[in-house]
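Structure record follows, encoded as C-alpha cells.
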Amino acid sequence: MGVSEVMTIRQKLIEVQKKIGHKVLSTIKKDLCPLKELLNSYAVGFDASYSKRYGGIAVATLVNINTNELISYAIAMGEPPLEYIPGLLAFREAPLYYTAYLSLVKKIKTTPRCFIAIIDGHGIAHPRNAGIASHIGLALNIPSIGVAKKRLYGIEKVRNVNKKSKISIEGYVYDPKTDEPLAAVLVPNKKKRIYVSPGAYITLESAIRIIQLLLEPDYRLPTPTYYADLISRRISRCLDNGRCTPETVGGLQRTLEHYANTNRA
DNA sequence: GCGACAG
DNA sequence: ATCTTGTCGC
C-alpha cells in the first residue's frame, strides 16, 4: 500500500492484526510450558464490565488450577480507547487487561514459572488469527487461551467426539481458508456451549485440557473468567449506584474473594 | 449487493 | 457489553 494511500484507523488496526496473527500461528505448534507443569500452576482470568460513570472495569483473577480457588485479583478502570467493533475487541479491552495484570503481579508474592492466561473472547478463531487472547498472550509473553460464548469466525462442524470425558467436545471450528482447526466447541452443561481456541504459546489440544479442568459442574465459564465476570460486574454496579468510589473499591477485596469462593458449588 | 459480526 | 420482568427448573 503506497505512502499516499489514505487509511482509516480501522484499516490500520487490521494491518496490525495481520502481523500479530502471523506471529501467533508460529507459537501454537508446541507448548511454551510443558502441559504437566501448567496443570500444576496458576491461571490468570480476564473479563470486563462497563460502568456508566467510570468506563471500563477490568479484572485479572489468579486461580489455582488444581483447586479452582480464587487466590487474588486486581482491577483496572478507565475509558476504553475505542468503541466495540467486531474483530477489533482487543484494541478496546486489552489495554485495561494489561494494566490489571501488572497490578496483580505486583501484589502477589509467588511468581510461578508458568502462568496461563484465560480471556473472555477468542484466540486464533478470528478472521486474522488475532483475537484478544492472542494479543494478550503476546503482550504478556505467557501462554493464553480464549474462551468465547459465541462464534466470530470459521466453519463449525459437529463431530460429537470424546463423549467419554466429562466435558464433551461437540465439534470444532475450522478455518475456511486453510481447513485447519481453530477452536473446539465444548458443552459445559446441557444448553450452553463455549468456543475454546489457543491465544498464543499453547496448542489447541493442551488448551482444551486446561479449560476442561477449569470448568466446574453446571458452570458455563471456566473459573478464572467466571470470577472475573462476577467481580467486575459487582464493582461496576457498586460504582453506578454510588455505594462505592474508585478510591474505596480496593476495600472490597477481602469480601469479594471470600464471596467468590463461597458462592461456588 | 447481501449477511455476519467475540465483548 | 448494557438495557430489563417475568418465568422455568432444581
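The structure displayed is predicted, hence computed values, not measured ones. Note that these values count all heavy atoms, side chains included, but never hydrogens, waters or copies made by symmetry. Lettering of chains follows the sequences in order, A, B, ..., and the numbering in each one begins at 1.
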Take the protein atom [atom1] of [X] and the nucleotide atom [atom2] of [N], then report the distance between them rounded to whole Å.
X: A:Arg151; N: B:dG3; atom1: CZ; atom2: C1'; result: 11 Å
X: A:Lys192; N: C:dC8; atom1: NZ; atom2: C1'; result: 13 Å
X: A:Tyr219; N: C:dC10; atom1: OH; atom2: P; result: 17 Å
X: A:Ile136; N: B:dG7; atom1: CD1; atom2: C1'; result: 13 Å
X: A:Arg193; N: B:dA6; atom1: CZ; atom2: C1'; result: 14 Å
X: A:Tyr195; N: B:dA6; atom1: OH; atom2: C1'; result: 11 Å
X: A:Tyr50; N: C:dC3; atom1: OH; atom2: C1'; result: 16 Å
X: A:Asp120; N: C:dA1; atom1: CG; atom2: P; result: 7 Å

Cationic N near anionic O, under 4.0 Å, A:Glu15 to A:Lys12
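Between A:Lys12 and A:Glu15 there is no salt bridge, as every charged N stays at least 4.0 Å from the carboxylate O atoms.
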
Quick check with a 6.0 Å cut-off and a 45 degree axis cone: is A:Arg92 positioned over the face of A:Tyr50's six-membered ring?
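Judged by the rule, A:Arg92 and A:Tyr50 form a cation-pi pair.
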
Looking at every strand, decide which applies to [X] at a 4.0 Å heavy-atom threshold: base, sugar-phosphate, or nothing.
X: A:Ile57; value: nothing
X: A:Arg233; value: sugar-phosphate
X: A:Lys52; value: nothing
X: A:Gly87; value: base
X: A:Tyr84; value: base

First locate atom OG of A:Ser134, then atom CD1 of A:Ile145, and finally report the distance between them rounded to the nearest 0.5 Å.
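CD1 of A:Ile145 is found 11.5 Å from OG of A:Ser134.
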
Measure the CG-NE2 distance between A:Asn129 and A:His122 for me, rounded to the nearest 0.5 Å.
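Atom-to-atom, A:Asn129:CG and A:His122:NE2 are 12.5 Å apart.
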
Side chain of A:Asp47 only, heavy atoms from C-beta on: which candidate in C:dA1, B:dG7, B:dC5 is closest?
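Minimum distance to the A:Asp47 side chain belongs to B:dG7.
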
Does OP1 or OP2 of [N] have a side-chain N or O of [X] closer than 4.0 Å?
X: A:Arg92; N: B:dG7; result: no
X: A:Lys150; N: B:dA4; result: no
X: A:Lys149; N: B:dA6; result: no

Distance-only polar pair, side chains of A:Asp240 and A:Ser51, donor-acceptor under 3.5 Å
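Yes, a side-chain donor-acceptor pair sits under 3.5 Å.
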
Can you tell me how the ring of A:Phe46 sits relative to the ring of A:Tyr101, calling it parallel under 30°, perpendicular over 60° and tilted otherwise?
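Rings of A:Phe46 and A:Tyr101: tilted, as their planes differ by 30° to 60°.
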
Residues of residues 124-133 of chain A with any non-hydrogen atom less than 4.0 angstrom from an atom of DNA chain B: list those, numerically ordered, please.
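The stretch gives A:His126, A:Gly131, A:Ile132 as the residues lying under 4.0 Å from the strand, ordered by number.
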
Are the side chains of A:Arg243 and A:Arg237 in contact, using a 4.5 Å heavy-atom criterion?
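They are not in contact (no side-chain heavy atoms under 4.5 Å apart), so the answer is no.
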
